[in-house]
Amino acid sequence: SCHWTSTHRLIWRDVKNHECCIAMPLSQILLFEEQAAGIGKSAKIVIHLQATPANKEPGPYQHSKYSFIKLSFKEHGQIEFYRRLTEEMTRKRWENTPASQPIPIGTGSQAGRTRAVGIVGIERKIEEKRKETDKNISEAFEDLSKLMVKAKEMVELSRSIANKIKDKQFGLRSYLLSMGIADPVTRETHGSGTHYHMQLAKQLDDMLQAPLEERGGMMALTEVYCLVNRARGMELLSPEDLVNACKMFESLKLPLRLRVFDSGVMVVQLQSHSEEEMIASALDNVSDKGSLTAEEFAKLLGLSVLLSKERLLLAEKMGHLCRDDSVEGLRFYPNLF
Amino acid sequence: MSFEWPWQYSFPPFFTLQPNVDTRQKQLAAWCSLALSYCRHHKLYTLDVMEAQESPVFNNKKIERKLSMEAIQVVFEELRKKGNLDWLDKNKSRCLVMWRRPEEWGKLIHQWVSKIGMVNSVFTLYELSNGDDTEGEEFHGLEDWMLLRSLQALQADGKAEIITMDDGKGVKFF
């Protein structure tokens with residue numbers, strides 16, 4: 001064990017467990033005296049204390065029948081301690097300044113210390129996690145970079161093949177396009193702005209004829225986006241560029257149109273595509289089956305549910321169909337009203 | 001004679017408020033017609049909105065479709081605009097259904113009075129609605145509030161005058 005005194009307190013610390021500390025304000029000391037060592041007895045300093053103050057901090061004992069404590073000095077240090085204590089007791093510095101420094105080990109409230117450890121622990125964990133995530137991402141991108149290198153090689157190869165095939169072979173070229181062989185119109189070759197979009201619009205016209213025919217003349221813009229970017233492979237189109245290019249169809253007199261439905265759904269459709277025909281066929285299908293849901297209609301036509309629903313809604317808007325909305329779902333009937 | 005349901009009653013879309021404006025107009029017209037003829041057939045003069053939702057008029061159990069509360073309110077509002085319905089309370093929970101409007105009733109009553117040559121005579125309200133002489137007439141059994149409104153309509157037209165007597169009301173026809 002170990003005693004020492006600060007300007008304000010008398011402190012005892014367990015030599016083995018440094019976190020175990022007892023402190024007592026010097027102001028509690030009434031008087032103190034030495035007790036010489038004897039045979040089998042170590043030197044001591046006896047400290048007589050004043051009555052317990054009301055705001056006494058918790059300690060080893062709440063009450064004691066004794067009004068003094070004895071500090072035992074087994075080896076040495078008694079003289080030095082006595083001298084030091086005398087000095088502090090004379091100067092009574094605690095009367096002038098409040099206790100400023102916490103004891104190095106910290107006998108401050110247990111709660112405070114635990115809190116500091118807790119937050120530090122959490123911060124440490126967060127930092128570790130961040131490092132781990134960083135590492136994972138870097139590793140993942142390593143693979144992606146390798147993939148990109150391979151893709152670039154493939155595109156180069158396909159490009160050289162495509163160049164050898166004459167443009168006349170429309171069908172073959174468009175199939176190659178859909179497999180990912182193209183001569184992508186890029187911002188580098190054509191710059192950004194209207195010129196770029198114009199060229200893009202022309203390329204889209206080329207690229208979309210066959211797919212549109214297959215799908216009954218209409219494709220959702222999202223479908224177009226996927227198809228086009230899959231074909232390009234590199235130098236992907238942004239959605240804005242796609243929309244801007246599509247908006248130029250009419251002014252460039254290309255046989256495609258960008259169309260927005262009431263619901264906000266955007267589609268690209270062949271100009272030759274007839275609205276009346278579409279509505280008439282919708283009515284036919286519905287009448288034939290008595291009633292249809294969007295899903296059933298989609299299955300019937302081999303179209304996406306989204307586009308099928310748009311068709312039914314259009315026919316309803318024109319007054320050819322009416323709806324039955326119940327817990328069983330939304331179903332369309334011929335408008336018999 | 002059992003009530004004959006119109007073809008729309010078995011048509012599921014009939015029970016969904018149609019978004020297409022033109023379609024909706026036709027739908028509502030059919031609903032008004034159905035509601036009124038149902039009430040006429042069963043001699044119903046008042047309707048409770050909560051009960052209405054479960055009544056066969058608005059609830060076809062056979063096809064498992066019923067009109068939503070919102071739609072029922074729309075139908076009632078339509079009837080009110082046409083003069084066939086009057087709300088009994090501010091909360092719109094009960095209403096008077098006039099499958100024949102007061103003016104129409106008034107006309108019928110006046111026609112009968114003329115036919116029996118009793119113009120310029122005074123009738124009590126009771127005589128008109130429950131008298132032996134009126135048995136077989138359509139307005140026989142007409143509820144008081146409806147009868148009064150009908151006579152008021154005639155009065156506004158100058159064809160009758162409502163008189164307050166010691167033991168109730170009477171009416172003189174011109």
Side-chain angles (χ1 to χ4, degrees), chain A residues 259-267 274-301 305-337, chain B residues 3-38 49-79 81-82 84:
Chain A
R259 183 186 174 169
V260 185
F261 283 112
D262 292 338
S263 56
V265 170
M266 293 167 90
V267 298
S274 159
E275 190 92 310
E276 294 80 26
E277 256 179 56
M278 189 175 84
I279 293 173
S281 89
L283 181 57
D284 278 340
N285 287 116
V286 173
S287 305
D288 199 33
K289 300 279 184 212
S291 70
L292 286 175
T293 63
E295 290 78 17
E296 289 165 355
F297 193 43
K299 214 179 263 186
L300 206 65
L301 295 182
V305 176
L306 186 72
L307 287 186
S308 309
K309 188 157 185 202
E310 288 302 328
R311 281 201 192 186
L312 293 171
L313 289 174
L314 200 62
E316 182 191 42
K317 194 171 161 190
M318 297 290 128
H320 296 283
L321 297 178
C322 60
R323 65 169 63 189
D324 166 39
D325 202 353
S326 71
V327 290
E328 295 168 19
L330 181 61
R331 194 166 268 281
F332 290 88
Y333 285 75
N335 185 0
L336 300 175
F337 286 113
Chain B
F3 184 69
E4 269 182 44
W5 297 99
W7 70 264
Q8 292 97 331
Y9 188 66
S10 329
F11 188 46
F14 192 45
F15 293 83
T16 303
L17 202 55
Q18 295 298 317
N20 181 311
V21 173
D22 296 325
T23 314
R24 181 185 289 210
Q25 258 177 350
K26 299 201 190 111
Q27 180 193 24
L28 286 177
W31 268 115
C32 288
S33 170
L34 171 56
L36 291 177
S37 49
Y38 185 83
V49 175
M50 286 296 156
E51 286 170 17
Q53 222 198 0
E54 296 308 315
S55 122
V57 197
F58 299 114
N59 187 344
N60 187 342
K61 291 210 160 77
K62 204 159 120 202
I63 60 168
E64 289 177 328
R65 292 286 185 277
K66 64 182 187 183
L67 215 52
S68 70
M69 190 50 88
E70 185 209 345
I72 291 177
Q73 290 286 358
V74 173
V75 173
F76 280 12
E77 176 58 19
E78 205 51 34
L79 284 168
K81 278 196 256 182
K82 285 161 63 159
N84 293 106

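Numbers restart at 1 for each chain; the letters A, B, ... are given by sequence-line order, proteins then strands.
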Chi angles and distances behind the side-chain contact (heavy atoms from CB on, under 4.5 Å) call for B/Gln18, B/Thr16: CA-CA 6 Å; B/Gln18 295 298 317; B/Thr16 303; 4.2 Å; yes
Separation between [atom1] of [X] and [atom2] of [Y], rounded to the nearest 0.5 Å:
X        : Y        : atom1 : atom2 : answer
B/Glu77  : B/Cys32  : CD    : SG    : 10.5 Å
A/Leu330 : A/Glu295 : CG    : CD    : 9.0 Å
B/Leu79  : B/Leu28  : CG    : CG    : 9.5 Å
B/Leu67  : B/Gln53  : CG    : CD    : 8.5 Å

Does atom [atom1] of [X] have more than 12 heavy-atom neighbours from other groups under 6.0 Å away?
X        : atom1 : answer
B/Glu54  : CD    : yes
B/Met69  : CE    : yes
A/Lys299 : NZ    : no

In terms of ring plane angle, is the pair B/Tyr9 and B/Trp5 parallel, tilted or perpendicular, where the classes change at 30° and 60°?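 Parallel.
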At a heavy-atom separation under 4.5 Å, does A/Asn335 approach chain B through its side chain, its backbone, both, or neither?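 Contact with chain B: side chain only.
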Among residues 283-293 of chain A, which ones touch chain B with a heavy-atom distance under 4.5 Å?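 When heavy atoms of chain B are the reference, residues 283-293 of chain A contributes no residue within the under-4.5 Å range.
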Residue part contacting chain A, namely of [X], when any heavy atom lies under 4.5 Å:
X       : result
B/Gln25 : neither
B/Asp22 : neither
B/Gln27 : both
B/Phe15 : neither

Counting heavy-atom pairs under 4.5 Å with chain A, which one of B/Ala29, B/Pro19, B/Ala30 comes out on top?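 That would be B/Pro19.
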